[in-house]
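Down below is the structure, laid out as C-alpha cells.
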Amino acid sequence: MPRLPLVAAAVSLCCIVQSAWAQPTSPVRQVIVTEIDGIIQPITAEYFIDAIDAADTSGAELVVLVLRTPGGLLDSTRSMVSRMITSRAPVVVFVGPSGARAASAGFILLIAADVAAMAPATHAGAAHPVSGSGEKMDDTTSQKAASDAAAYVRTLAEARGRNVALAADAVLTSRAFTDRESLDAMPRLIDLSAKDVDDLLMQLDGRTIKRFDGRTTTVHTKDAQVRRLDMTRRQRFLSAIAHPQVSYILMTLGLLGLTVELWNPGLIAPGVAGGVCLLLAFFAFQILPVNMAGLLLVVFGIALLILELKVPSFGALGVGGAVSLILGSVMMTDVVPGVRVGLGVILPAAIGFAAVFLFLGRLALSAQRQPPVTGAQALVGQLARVRTSMMTPSEPGLVDMRGEIWRAVSSVALPAGQPVRVLRVDGLTLTVEPADLTSPERS
C-alpha cells in the first residue's frame, strides 16, 4: 500500500511523456528566393519555372523573385507569367537592390506578381515591344504589337488590382516609373517598398494576399527559413553563352578558327574549335534579339576581306571589310537597351580578326605564287650541261643536272659541254634549249 502513490505517479509521468511525444511537430515555414540578373530568355524562364515547381513540391510559404533586367523575349515572359498564375505558393517580384530596374519584360513580370515590390531608387516600365529580329517595324505592325502587349498588361493589372492606365502607358508610350511614383499612384502600381529581402519578408508577415483567381491566402514569414535556389550548372553555362559579349566573342573565335583551317587544311584542331564556337554562337543568337541588318553587315565585311585577297584594291576592300565588321557588330545586339556589345570588345575583336584573316590570306597567296620545289615541275627552268658529243633535233642526247643523267631533246644542235635550260618535262625526257649564263635563272 505505501508503494501505490509512487506507481500512480510513474504511470502518470509516462502518459504525459507519451502524449508530448505523439504530438506532431509544426513544419518549418520556408521561403524560396530566386534571382534573375540579365535579359529574360528561355534559360531564365526555365530557371524561374523550376523554382516554382520546387516551391509547390516542398510546401513553401512564398516564392520571391529578385529581379534586375533590361527586358527580354515576350514568349519567355508569357511562360513565366503563366506558371506564376498557377503557382500554389504566392509569388513576389522584388526589383532590387537600390539602383536596379525592371524594364520592358521585367515590368510585365512585376505587374503579374501576387505581390509587387521595389527597393528605393529603382525604376520599372518602358515596355513598348520591339521586333525580335531588330528590324524596324512598319507603323501598322508596331501599332498591332503595342496594342496586343498593352491589352495583356491591362489584363494582368486589372486582375491584380493595380493601376491599369499607368500599366498601359508603360507599353504604349514607353513610360517608366520610379519606386515612389509606383507606390504613390492611385491606384498603386506596386504593393510595397522594401530595402532588401529581409525587410520584404518582415513586411509580408501576416499579410493577406489575393491570388489571380480571386482566392485569398495569409502568409506567415516571421522566422521562416530562407532557401535560395541558384541556377544549375547547365543553366549557368547556357545563360553565360547567351550573354551578348560572350556570344560575339564565340562568333569571332569560330570564324577565326575556320579561317585558319581553310588556309592550312589538315590542322583539324582550329576547324573543330571554330565549328564548336560558331554553333554555340548560333545557339546564343537564337535566344538573343539579334539585328539581322547587323548580322548581314558582318557577313558582308567577311566577303570584302575575301575579295581583298583576290582583287588588287590597294587596301580599299580590306578597310571596307573591317569597317563593315565593326558597324555590323555594333548593330547586332542593339535591340534591347542595356544588352549591346561594348566597343571595348568589338574593336579589338573585329580589327584582330581582319588582321589575322588578311595576314593568313597573304601568306597563302604568296605560297601559291612560289615556283614548285619538288616534282617534275621543279625541274623546269633549271640549268644542265650536255653530256654527249653532239645533240641534234633528230638525235636525242644526255645531259647532267643535279648530279643526275637525264635523256634530253633539243630543237637545235648542241655540242658537248653546252649549258642548257630545261623547258619541259615529258616523263623521263627533258626538252632543253641553249642557256645564256649571263641572264638570271628563269622560274
Side-chain angles (χ1 to χ4, degrees), residues 26-70 72 76-77 79-103 105-122 124 160 179 182 190-209 211-212 217-236 238-240:
S26 58
V28 177
R29 295 190 181 94
Q30 189 178 83
V31 174
I32 290 183
V33 177
T34 62
E35 186 170 350
I36 294 179
D37 185 5
I39 66 173
I40 305 299
Q41 32 94 347
I43 304 303
T44 54
E46 176 189 312
Y47 161 61
F48 179 66
I49 292 173
D50 288 348
I52 294 181
D53 292 342
D56 286 351
T57 56
S58 64
E61 189 82 9
L62 204 65
V63 178
V64 177
L65 170 62
V66 181
L67 183 63
R68 298 182 295 278
T69 178
S76 300
T77 306
S79 300
M80 297 171 69
V81 170
S82 298
R83 186 64 184 92
M84 189 186 302
I85 291 173
T86 60
S87 171
R88 183 200 57 78
V91 178
V92 181
V93 173
F94 174 54
V95 182
S98 297
R101 62 170 172 170
F107 177 76
I108 298 176
L109 293 175
L110 183 68
I111 295 298
D114 293 297
V115 177
M118 298 174 67
T122 57
R160 297 303 191 187
D179 61 299
S182 302
I190 62 174
D191 301 301
L192 50 90
S193 175
K195 295 181 296 184
D196 50 31
V197 174
D198 293 336
D199 184 27
L200 175 67
L201 296 180
M202 185 181 301
Q203 296 186 48
L204 288 176
D205 184 49
R207 187 185 186 98
T208 300
I209 298 175
R211 304 303 306 277
F212 194 85
T217 180
T218 302
V219 296
H220 303 280
T221 55
K222 184 178 180 181
D223 299 327
Q225 177 186 2
V226 176
R227 176 187 171 193
R228 295 185 178 272
L229 285 184
D230 297 325
M231 287 186 173
T232 63
R233 292 182 180 178
R234 168 185 165 275
Q235 290 170 342
R236 286 198 299 269
L238 295 179
S239 185

Exercise. How long is the span from the CD1 atom in Ile85 to the CD1 atom in Ile52, to the nearest 0.5 Å?
Worked result: 10.0 Å
Seminar exercise, completed: Distance col, row Arg227:CZ vs Ile32:CD1, nearest 0.5 angstrom, shows 4.5 Å
For this session: Under the side chain to side chain donor-acceptor pair (under 3.5 Å) rule, collect the residues that match up with Ser58, sequence neighbours excluded.
Result: Gln30
Exercise. What's the verdict on side chain to side chain contact (heavy atoms under 4.5 Å, CB included) for Leu109 and Met80, showing C-alpha distance, side-chain angles and the deciding distance?
Worked result: CA-CA 8 Å; Leu109 293 175; Met80 297 171 69; 3.7 Å; yes
For this session: Please name all residues satisfying side-chain contact (heavy atoms from CB on, under 4.5 Å) with Pro97, sequence neighbours left out, ordered by chain then number.
Result: Arg68
For this session: Not counting sequence neighbours, which residues clear side-chain contact (heavy atoms from CB on, under 4.5 Å) with Ala102? List them please.
Result: Leu67, Val95, Ala124
Problem set entry | Partner set under side-chain contact (heavy atoms from CB on, under 4.5 Å) for Ala112, not counting sequence neighbours | Val81, Met84, Leu156
Exercise. Step by step, would you call Val66 with Thr34 a side chain to side chain contact (heavy atoms under 4.5 Å, CB included)?
Worked result: CA-CA 6 Å; Val66 181; Thr34 62; over 6 Å; no
Problem set entry | Nearest-0.5 Å distance that lies between atom OG in Ser87 and atom CZ in Phe48 | 7.5 Å
Problem set entry | Set of residues satisfying side chain to side chain donor-acceptor pair (under 3.5 Å) with respect to Arg211, sequence neighbours excluded | Asp114
For this session: Identify, with sequence neighbours excluded, every residue that meets side-chain contact (heavy atoms from CB on, under 4.5 Å) alongside Gln235.
Result: Ile43, Glu46, Tyr47, Asp50, Met231, Thr232
Exercise. Sequence neighbours excluded, which residues qualify as side chain to side chain donor-acceptor pair (under 3.5 Å) partners of Asp230?
Worked result: none
Problem set entry | Derivation of the side chain to side chain contact (heavy atoms under 4.5 Å, CB included) call for Leu65 and Phe94 | CA-CA 6 Å; Leu65 170 62; Phe94 174 54; over 6 Å; no
Exercise. Looking only at atom types and distance, does a side-chain atom of Ser98 sit under 3.5 Å from a main-chain N or O of Pro120, one as donor and one as acceptor?
Worked result: yes
Please tabulate, for the side chains in residues 217-226, all donor-acceptor contacts under 3.5 angstrom to protein atoms that are two or more places apart in sequence or on a different chain.
{"from": "Thr218", "atom 1": "OG1", "to": "Thr208", "atom 2": "OG1", "distance (Å)": "3.1"}
{"from": "Thr221", "atom 1": "OG1", "to": "Leu201", "atom 2": "O", "distance (Å)": "2.4"}
{"from": "Thr221", "atom 1": "OG1", "to": "Asp205", "atom 2": "N", "distance (Å)": "3.2"}

For this session: Kindly state each residue pair satisfying salt bridge (Lys or Arg N to Asp or Glu O under 4.0 Å) with at least one member in residues 86-100, sequence neighbours excluded.
Result: none
For this session: Check whether more than 12 heavy atoms from other residues, nucleotides or ligands sit under 6.0 Å from atom CZ of Arg236, and answer yes or no.
Result: yes
Problem set entry | Side chain Thr122, main chain Met118, donor-acceptor under 3.5 Å | no
Exercise. Is a side-chain donor or acceptor of Asp179 paired with a backbone partner of Ala121 at a separation under 3.5 angstrom?
Worked result: yes
Problem set entry | Audit row: Leu110, Ile190, side chain to side chain contact (heavy atoms under 4.5 Å, CB included) steps and yes/no | CA-CA 8 Å; Leu110 183 68; Ile190 62 174; 4.0 Å; yes
For this session: Could you grab the distance from atom CD1 of Ile111 to atom OG of Ser182, nearest 0.5 Å is fine?
Result: 7.5 Å
For this session: Starting at CD1 of Ile49, measure out to CG of Asp53 and round the result to the nearest 0.5 Å.
Result: 7.5 Å
Seminar exercise, completed: dist Ser82:OG -> Phe212:CZ (nearest 0.5 Å) comes out at 9.5 Å
Seminar exercise, completed: Residues at least two apart in sequence or cross-chain that pass side chain to side chain donor-acceptor pair (under 3.5 Å) with Asp56, listed by chain then number, are Arg83
